[in-house]
Novice: 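The structure under discussion is supplied below as structure tokens; questions concerning it will follow.
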There are 2 protein chains.
Amino acid sequence: MRVLKFAILGLLYRQEYSGYDITSQFKKEIGQFWSAKHSQIYPELRKLVEEGLLHFRTQIQGEKLEKKMYTITDAGRKELLAWAVSPEPLPETEKDAFMLKMYFIHTLSREEAHTLFEHQLHQRQEKLVHLEEEYQQLLPVFGIERTEGKMMNFDHPHLGHYLVLTKAIAREQSYVQWLTQHMQLFVQ
Amino acid sequence: MRVLKFAILGLLYRQEYSGYDITSQFKKEIGQFWSAKHSQIYPELRKLVEEGLLHFRTQIQGEKLEKKMYTITDAGRKELLAWAVSPEPLPETEKDAFMLKMYFIHTLSREEAHTLFEHQLHQRQEKLVHLEEEYQQLLPVFGIERTEGKMMNFDHPHLGHYLVLTKAIAREQSYVQWLTQHMQLFVQ
DNA sequence: TCTGCCATGTAAAACGTTACATGATTTG
DNA sequence: CAAATCATGTAACGTTTTACATGGCAGA
């Protein structure tokens, strides 16, 4: 599948980035849905240059620190677009170790199960709060103002950002709701 | 982390299974949240036997077909329980290639984006229908009868099964809802 | 000057998928 | 008797993580 390849091509579609910058991007919003460590990114960048999908120029930062700024080539853009329009099949499995534990809940006492469940709820709620704060702070960037009833639209330069944030929020809300709904199983 | 190890130990906690049976289990409900191919399962089973967490007896099926029936040992049960009670940290990234494409939506035309979105919605809706049918069929097994107001409880032997099914349904409902809510971005 | 961040890489191990390989049993 | 399923394994390849390794830069 080589999804990392397309993640990198996609990031470079609109701007030049260094390997370090790409690593940083994966720690931001898109990291909710795809990421990689720098040890995977640097070899992938080299490979993409070899394949003619990227090129780079070396830039000096300060006195002598070299960084490589990568840009996408026409061939790279072409491959990216071919991938981007191809329909994404559903994965059979979306791995979730917590839910695997829940499948084996009969191995636990009521108290142990309750603790695990509470712990997961706590973490998911905290994550949800962070995501919602991020969303609130980005409302002006997204151009969504409650008073004027403005809405995100297809041509908005931050549509992708908006979509991943709202989707991450929806995912966490659903998780929190499911946990809350089933919490009663462990009390008493 | 060795999650597959614990998935196998968990499956063997209540009954004897062959490698083939374990492979089959991963194609059922728990496959929504964890799975592995037989090529990963057979070596893992051998390893778990070597580690003293499982043993097996060879059973003859029919005339000469040999199958290995695995059971968990006391050491295996001990390791399983230690894992099961340990709190699960949230993964930073829950990979979703479709959402990665959505982050790069600016590379697509309105029509292309609309097609992708519709395609994903169709697939998610279809999956949701299957899961809901499964749930409806299992209501008697779960002991949930609308007329008598019975409820799932902690000691129910199928609680794990119930939890993964309801969670998978919640996940798909949330996905479908999010897709539906944002579909308007691509029309006209 | 020290701490945290910027910056790039490689090596080894672990995890996961696809393909290769073989044969028995069951059901239509 | 043919096809689907049961049953077990290995090999090769691809992906991902952890650890090793090095050094520059900026601000307190």
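Proteins come first, then strands; the chains are lettered A, B, ... in the order of their sequence lines, and each starts at number 1.
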Novice: Would you please say whether a donor-acceptor pair under 3.5 Å links the side chains of Trp34(A) and Thr93(B)?
Specialist: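 Thr93(B) and Trp34(A) do not have a side-chain donor-acceptor pair below 3.5 Å.
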
Novice: For the pair Ser35(B) (side chain) and Phe26(B) (backbone), establish whether a donor and an acceptor sit closer than 3.5 Å, ignoring hydrogens and angles.
Specialist: no

Novice: Which of these nucleotides, dC15(C), dT25(C), dT8(C), is closest to any side-chain atom of Glu63(B)?
Specialist: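 So the nucleotide nearest the side chain must be dT25(C).
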
Novice: Can you tell me how far P of dG16(C) sits from NZ of Lys5(B), to the nearest Å?
Specialist: 14 Å

Novice: Would a distance-only check, ignoring hydrogens and angles, find a side-chain to backbone donor-acceptor pair under 3.5 Å from Gln123(B) to Glu88(A)?
Specialist: yes

Novice: Identify every side-chain donor-acceptor pair in residues 126-133 of chain A under 3.5 Å, counting partners at least two apart or on other chains, and give the distances.
Specialist:
from, atom 1, to, atom 2, distance (Å)
Lys127(A), NZ, Gln32(A), OE1, 3.0
Glu132(A), OE2, Gln173(A), NE2, 3.4

Novice: With distance as the sole test, does Thr73(B) use its side chain to make a donor-acceptor pair with the main-chain N or O of Leu53(B) at under 3.5 Å?
Specialist: yes

Novice: Roughly how many Å is it from CZ in Phe26(B) to C1' in dT17(C), rounded to a whole number?
Specialist: 15 Å

Novice: Are any of the side-chain nitrogens in Arg2(B) or Glu51(B) under 4.0 Å away from the carboxylate oxygens of its partner?
Specialist: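 Here Arg2(B) pairs with Glu51(B) in a salt bridge, since their nearest N and O are under 4.0 Å apart.
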
Novice: Choosing from dT8(D), dA7(C), dG9(C), which nucleotide comes nearest the side chain of Gln61(A)?
Specialist: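 Closest nucleotide among those given: dA7(C).
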
Novice: Using whole Å, report how far OH of Tyr17(B) lies from C1' of dT8(D).
Specialist: 19 Å

Novice: Round to a whole Å and report the spacing from CG of Asp21(A) to C1' of dC6(C).
Specialist: 10 Å

Novice: Starting at the 5' end of DNA chain C, which residue's closest nucleotide do you reach first, Met1(A) or Ser24(A)?
Specialist: Ser24(A)

Novice: If you assign each of Met69(B) and Leu4(A) to its closest nucleotide in DNA chain D, which residue comes earlier from the 5' end?
Specialist: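 Comparing both residues, the 5'-ward one is Met69(B).
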
Novice: Which parts of residues 27-53 of chain A get close to DNA chain D, meaning a heavy atom less than 4.0 angstrom away?
Specialist: Trp34(A), Lys37(A), Ser39(A), Gln40(A)

Novice: For Lys95(B), which contact category applies under a 4.0 Å heavy-atom criterion: base, sugar-phosphate, or nothing?
Specialist: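 The residue Lys95(B) makes sugar-phosphate contact but no base contact.
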
Novice: Please state how far atom CD in Gln25(A) lies from atom P in dA7(C), giving the value in whole angstrom units.
Specialist: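 Checked: the CD to P distance equals 13 Å.
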
Novice: Once you measure the plane-to-plane angle for Tyr162(B) and His182(A), does it fall in the parallel (<30°), tilted (30-60°) or perpendicular (>60°) bin?
Specialist: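 Because their plane-to-plane angle is over 60°, the rings of Tyr162(B) and His182(A) count as perpendicular.
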
Novice: Atom CD of Glu66(B) and atom C1' of dT8(D): how far apart are they, to the nearest Å?
Specialist: 10 Å

Novice: Starting from C1' on dA7(C), measure out to CD1 on Ile60(A) and report it in whole angstrom.
Specialist: 12 Å

Novice: It should be established whether Tyr20(B) places a side-chain nitrogen or oxygen under 4.0 Å from OP1 or OP2 of nucleotide dT8(D).
Specialist: no

Novice: Whole Å only: how far is the CZ atom of Arg57(A) from the C1' atom of dA7(C)?
Specialist: 15 Å

